[in-house]
Amino acid sequence: MTTTETPLPGKAANFIRNIVTDDLKSGKHKSIVTRFPPEPNGYLHIGHAKSICLNFGLARDFGGRCHLRFDDTNPTKEDIEYEDSIKENVKWLGFDWGEHMYYASSYFEQFYQHALKLIEKGLAYVDSLSADEMRALRGTLNEPGKESPYRSRGVDENLDLFRRMRAGEFEEGSQVLRLKIDMASPNINMRDPVIYRIRKVEHHRTGDAWCIYPMYDYAHCISDSIEGITHSICTLEFEDHRPLYDWVLDMLEAPCHPQQIEFARLNLSYTVMSKRKLLELVQEKLVDGWDDPRMPTLVGIRRRGFTPESIRAFCETIGVGKSDSFIDMSILEDAVREDLNIRAPRAMAVLRPLKLVIEGYPEGEADEFEGANHPNDPAMGTRTVPFSKTVYIERDDFQEEPAKGFFRLAPGREVRLRYAYIIRCESVLKDASGEIVEVRCSYDPGSRGGSAPDGRKIKGTIHWVSAEHAIDAEVRLYDRLFSTPNPGGKNEPDYRTSLNPKSIEVLTGCKMEPSLAASTLDSRYQFERLGYFCLDSKDSCPQAPVFNRTATLRDSWNEQKR
RNA sequence: UGGGGUGUCGCCAAGCGGUAAGGCAACGGACUCUGACUCCGUCAUCCGAGGUUCGAAUCCUCGCACCCCAGCCA
């Protein structure tokens with residue numbers, strides 16, 4: 001058929017891909033260069049993953065390259081601790097910046113020289129107004145600003161002042177370098193923006209070499225230009241900054257003038273994404289740290305058991321656009337399920353054990369069954385599952401008075417123990433309080449392995465674990481961190497009040513089939529009929545395994561009940 | 001009331017004047033030793049009102065709604 005219209009079959013089209021495709025086709029660029037420019041002042045979250053996948057994905061798909069650049073222009077907020085985590089996260093997601101690791105702070109001298117040039121051209125001046133005074137003159141959204149009395153300083157005076165700023169002769173806040181653009185501009189970013197401020201603090205990379213630091217608007221475009229970035233992709237709130245981005249590069253007559261393109265940041269329901277709120281959750285101990293499995297941080301999601309593949313798939317399916325969007329958490333959850341369904345071996349684990357004794361089954365005798373590691377993928381092999389007279393089943397799989405539509409175990413009813421036998425409930429034992437503590441069943445010896453000798457249909461199949469062979473484990477069930485779709489949104493004065501009290505449930509004394517003893521930190525399992533689980537990377541140890549539930553299985557029975 | 005954006009199915013999202021892709025969800029059905037998976041099938045006339053055109057989600061006009069901007073943060 002045709003042709004070059006869709007250069008990347010299988011990849012969803014989006015407006016940025018279209019721009020890149022056009023630029024390549026028209027010859028504007030012969031290859032592309034993008035960049036992911038985090039500020040090292042916090043941990044990466046799923047929203048950053050969208051940007052990482054976009055930038056690195058573009059480079060990968062179009063045969064270009066993507067730089068990792070730390071936007072470290074504000075030493076008062078940044079820390080090396082974050083850099084390590086960010087690098088680690090990008091790698092974990094499956095991307096590689098190769099040799100292209102950069103720091104805005106490496107360009108400090110160039111920024112400075114460029115500033116000197118702007119001053120010489122009469123395009124920048126040192127302002128001695130205080131922050132408050134400057135704000136007062138900035139005007140409002142509706143009224144133009146007024147020019148600073150220092151705006152007309154001569155070039156030589158500005159040069160001198162700026163050099164002395166660098167030399168540390170002034171106090172923090174006393175002087176600032178501003179661009180001379182237009183105090184009456186309807187775009188507030190163009191009302192003589194500040195491009196340098198004095199900060200007498202150590203920078204984690206440049207130490208005390210500088211006491212003046214460039215602002216984002218000034219540093220970012222020049223950094224992009226220095227690195228030969230072709231497409232500088234950022235989020236919507238920088239749209240208003242684009243005229244400034246272009247202004248600086250135009251005035252500097254930069255040989256390379258990247259195109260800034262803005263896209264809508266990711267919003268995910270039932271969680272929060274702002275660095276401030278995430279930080280508060282950690283500091284106020286509302287969660288267990290940045291890597292709490294309920295957090296939308298990459299370290300949290302990873303500990304929860306999400307795979308990089310699933311995150312990439314998620315980012316691919318949500319698409320890229322310019323309209324403010326709100327992605328439902330279920331889309332993310334669905335992405336892991338889709339991935340783990342294919343690769344996670346199956347196993348049986350009983351979370352809320354109910355003792356089941358098989359009457360007539362020889363005491364002290366053990367048997368073994370073959371269980372498929374994956375029902376649809378024979379290549380994943382089998383494992384042996386030990387069986388004995390007493391097993392544990394899920395409490396949920398037994399109802400003394402079965403609800404309508406319930407087709408698991410109940411008095412007088414037959415059910416299949418997966419891979420083992422068809423059993424029938426004969427009686428139940430209760431404790432003094434009336435709680436069922438044991439179920440007694442008969443079994444059909446002819447159904448060994450699980451299939452009915454007479455071909456009768458057994459509607460229910462339940463999972464189980466042999467009591468004498470079981471290993472004990474702790475299991476942590478996670479649910480959404482917040483109970484409302486948009487925590488802190490309308491009618492919610494504080495997002496904290498929307499925290500979901502049931503976002504974590506810790507179960508101890510869970511019973512696992514013995515093969516699970518071989519789990520390693522990178523193992524993923526589907527506990528049949530329950531969901532996907534993995535060992536907790538922080539708290540699990542061989543003597544006392546701890547499993548995290550990554551996601552539940554879809555459960556139409558549960559939905560039916562609602 | 002200034003400026004910059006956005007508005008296509010419940011949630012995302014293609015579409016770029018030629019007669020509304022896809023994903024998720026939902027619903028119906030098949031299959032099933034996981035009420036899972038898989039598989040079939042159903043599911044929009046494009047914020048509103050005018051206009052241009054043989055023909056408009058796509059062009060024009062006028063509205064409406066929502067988001068962002070007044071850090072010496074990014």
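First the proteins, then the strands, lettered A, B, ... as listed; each starts at 1.
The separation of C60(B) from G71(B), taken at their P atoms, amounts to 36 Å, rounded to a whole angstrom. The gap from the C1' atom of G50(B) to that of C40(B) amounts to 45 Å, rounded to the nearest Å. Of the C1' atoms belonging to C12(B) and A26(B), the separation is 15 Å, rounded to the nearest Å. Nucleotides G15(B) and C46(B) have their C1' atoms positioned 10 Å apart, rounded to a whole Å. As rounded to the nearest Å, U8(B) and G23(B) have C1' atoms that lie 15 Å from one another. When the C1' atom is used for both C54(B) and A14(B), the distance is 27 Å, rounded to whole Å. Rounded to whole Å, the C1' atom of U53(B) lies 35 Å from the corresponding atom of C11(B). The P atoms of A25(B) and A65(B) are separated by 35 Å, rounded to the nearest whole Å.
In this pair, H48(A) and F36(A) present their aromatic rings perpendicular. The plane angle is above 60°, beyond the 30 to 60° band.
G71(B) shows a glycosidic angle within 90° of 0 and is accordingly assigned syn.
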Worksheet item: In the 5'-to-3' direction, what one-character label does each nucleotide of nucleotides 64-74 of chain B receive under the scheme B = base within less than 4.0 Å of a protein heavy atom, S = sugar-phosphate only, - = no such atom?
Response: ---SBBBSBSB
Response to the item:
Given protein heavy atoms under 4.0 Å, the one-letter contact record of nucleotides 34-39 of chain B, with B base, S sugar-phosphate only and - none, is simply BBSB--
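Here the P atom of nucleotide G5(B) and the CZ atom of F15(A) are 12 Å apart, to the nearest Å. A25(B) atom P lies 10 Å from atom CG of D328(A), rounded to whole Å. Distance D182(A) CG to G2(B) C1': 13 Å, rounded to the nearest Å. Between I261(A) atom CD1 and G5(B) atom C1' there is a gap of 16 Å when expressed in whole angstrom units. At whole-Å resolution of the value, CZ in F326(A) and P in G7(B) are 18 Å apart. Atom P of nucleotide C11(B) and atom CG of L266(A) are separated by 16 Å, given to the nearest angstrom. Rounded to an integer number of Å, the gap from CE of M329(A) to C1' of C11(B) is 14 Å. With rounding to whole Å, N18(A) atom CG is found 12 Å from A13(B) atom C1'.
Looking at R197(A), its side chain does come within 3.5 Å of a backbone N or O of P214(A) through a donor-acceptor pair. Judged by distance alone, the side chain of S174(A) and the main-chain N or O of E171(A) form a donor-acceptor pair under 3.5 Å. Without hydrogens or angle criteria, S325(A) side chain to I327(A) main chain gives no donor-acceptor distance under 3.5 Å.
At a threshold of 4.0 angstrom between heavy atoms, the contacts of S325(A) are confined to the sugar-phosphate backbone, with no base atom among them.
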Item to complete: Determine, step by step, whether E316(A) and R312(A) satisfy the salt bridge (charged side-chain N to carboxylate O under 4.0 Å, His left out) criterion, reporting the C-alpha distance in whole Å, the side-chain angles of both residues, the deciding distance to 0.1 Å, and the verdict.
Response: CA-CA 6 Å; E316(A) 195 63 45; R312(A) 279 188 253 127; over 6 Å; no
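Toward the 5' end of RNA chain B, the nearer of the two residues A13(A) and R416(A), judged by each one's closest nucleotide, is A13(A).
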Item to complete: Kindly express the pairing pattern of RNA chain B in dot-bracket notation, using | wherever a base pairs with another strand and counting only Watson-Crick or G-U pairs under 3.5 Å.
Response: .(((((((.[[[..)..(...]]].(((((.......)))))....[[[[[..)....]]]]])))))).....
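For an aromatic pair to be called close, the ring centres must be under 6.0 Å apart, and F387(A) with Y443(A) fails this. Remark: aromatic rings of F162(A) and Y196(A) are close, center separation under 6.0 Å. Not less than 6.0 angstrom separates the ring centroid of H241(A) from the ring centroid of Y245(A). In this structure, the ring of F527(A) has its center less than 6.0 angstrom from the ring center of F533(A). Ring centroid separation for the pair F108(A) and Y213(A) comes in under the 6.0 Å cut-off.
Dashed line: the shortest gap from a side-chain N or O of S323(A) to OP1 or OP2 of A13(B) is under 4.0 Å.
Judged by the 6.0 Å and 45° rule, R205(A) forms a cation-pi pair with Y103(A). With a 6.0 Å cutoff to the six-membered ring centre and a 45° limit on the axis angle, R418(A) does not count as a cation-pi contact of W464(A).
A salt bridge is defined here as a Lys NZ or Arg NE, NH1 or NH2 lying under 4.0 Å from an Asp or Glu carboxylate O, and R424(A) with D444(A) fails to meet this definition.
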